[in-house]
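Shown next, in structure tokens, is the structure this report addresses.
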Number of protein chains: 2
Amino acid sequence: MVRPRTSDTKDRIRAVALELFAEQGVQRTSLRQIAERLGLTKPALYYHFSSREELVRSLIQPLVDDVESFLARVEAEEDVDPRTLLAGYYDLYLRHRRITALVAREPDVLGYLDFAARVADWRLRLIALLAGPDPSLEDRARAVVAIGGLADCTLVFIGMPPEELRSAALNAACAALGPLLEKRS
Amino acid sequence: MVRPRTSDTKDRIRAVALELFAEQGVQRTSLRQIAERLGLTKPALYYHFSSREELVRSLIQPLVDDVESFLARVEAEEDVDPRTLLAGYYDLYLRHRRITALVAREPDVLGYLDFAARVADWRLRLIALLAGPDPSLEDRARAVVAIGGLADCTLVFIGMPPEELRSAALNAACAALGPLLEKRS
DNA sequence: GTCTATAGCAAGATAGAC
DNA sequence: GTCTATCTTGCTATAGAC
């Protein structure tokens, strides 16, 4: 029997919290509700998480880390193919779909955690990767439409055939890039 | 002196509420804060708005009404030019920029008002207008990228030259539509 | 139309027993 | 690791005087 990295209860708390957050939104879900659905009491939650904020953060952290390392990896490459970049971003969003759905529903939760500054930077870095340094407003708009539209697709088309959806979303996002698809730094 | 449609105080409350909502988010702003900044007391707010929810609703209602009437007007036309449709949608978003910014930050607020059902319908109707009846997944993705990306542009590029931004955003969104730009029902 | 005062409640969080 | 009991704070909302 391998020692689990986190306790069983801790994971159950996270699972139930995620469930309730998806039903009601993060901000409108209380610790009391989470405890009740678990069949525990509020103090029990505080044994595992030092605050409500920490519980929320522990759910979002994996997404944040994944985005950061994805960006770092891509930025280290010499030549970035736009479609490959967008595909990686799409897969990232899809892999964390339950969390990205929460964040899309209440982006503000990223603000009241300490993620605000990091997240604000992501779009700028993605734009730079797609449109190069000193991009025109037109090129920046193309990048924003591609990035934002792609993220929307992962959330809107729940239940669609994954492979077909993936290529459909990427085709649309790449089309938005227009001339940026060919221009290489 | 023309009789004002709403009282001066009512408008001041709305203005201050909007201000605080923009600073802190809708859900994390209390009536106490609004009253304090106004130099009034909480009960004074209740004289003008029967509940916190009604205050929020009264701010969002004009946007909802405008979107509904925009969609109805466009749906009544025989032949809808995609770029014209997107331009109208863009202008709508821009005209209500302060409110669309709030909603983008906490889309969930649309859910706990009674707007959820109506709003859920908007995207479907826009997709139908852009991609026609019985669209392929690919075409629906193109419509979603165009619509969502366009909305993002109104929020991301605050302070940019309006006319240049408008055409840049529309160019990108229309590019995402690809073949849908030409196909007419 | 605005006030003081307060009801009524639920939230996050802690103390301390087991 | 989980409990009972409780603290503190803040909220929406109302009663009733002016």
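Reminder, nothing fancy here: chain letters follow the sequence lines and each chain counts from 1. Computed from heavy atoms alone, side chains included, the values below leave out hydrogens, waters and symmetry copies. Every value quoted in this text rests on a predicted model; they were computed, and no experiment measured them.
Between A:Pro107 and B:Ala104, the shortest heavy-atom contact is CG-O, 3.3 Å. The heavy-atom pair separating A:Ala173 from A:Leu150 by the smallest distance is CB-CD1, 3.8 Å.
As rounded to whole Å, 15 Å separates atom C1' of D:dT2 from atom CG of A:Asp8. In this structure, the NZ atom of B:Lys42 is 10 Å from the C1' atom of C:dT6, given to the nearest Å. Regarding A:Leu40, its CG atom lies at a distance of 14 Å from the C1' atom of D:dT4, rounded to whole Å. Computed from coordinates, the B:Arg52 CZ to D:dT14 C1' distance equals 18 Å when rounded to whole Å. Look at CG on A:Leu31: it is 20 Å from P on D:dT8, rounded to the nearest Å. For A:Arg28 and D:dC11, the CZ to C1' distance is 14 Å, given to the nearest whole Å. Rounded to an integer number of Å, the gap from B:Glu36 CD to D:dC11 P is 9 Å. With rounding to whole Å, B:Tyr46 atom OH is found 16 Å from C:dT2 atom P.
Between B:Ser51 and the phosphate of D:dT12, there is no side-chain N or O to OP1/OP2 separation shorter than 4.0 Å. Between A:Arg32 and the phosphate of C:dA10, there is no side-chain N or O to OP1/OP2 separation shorter than 4.0 Å. A close approach under 4.0 Å does not occur between any side-chain nitrogen or oxygen of A:Tyr47 and OP1 or OP2 of D:dT2. Between B:Ser30 and D:dC11, a side-chain N or O to OP1/OP2 separation shorter than 4.0 Å is present. Distances shorter than 4.0 Å separate none of the side-chain N or O atoms of A:Thr41 from OP1 or OP2 on D:dT2.
Other residues, nucleotides and ligands contribute more than 12 heavy atoms inside 6.0 Å of the CG atom of A:Asp114.
Nearest to the side-chain atoms of B:Thr9 among the listed nucleotides D:dT4, D:dA15, C:dT2 stands C:dT2.
For the pair B:Arg118/B:Leu110, no side-chain contact is recorded, criterion being any heavy-atom separation below 4.5 Å from C-beta on.
A salt bridge links A:Asp11 with A:Arg14: the closest approach of a Lys/Arg side-chain nitrogen to an acidic carboxylate oxygen falls below 4.0 angstrom.
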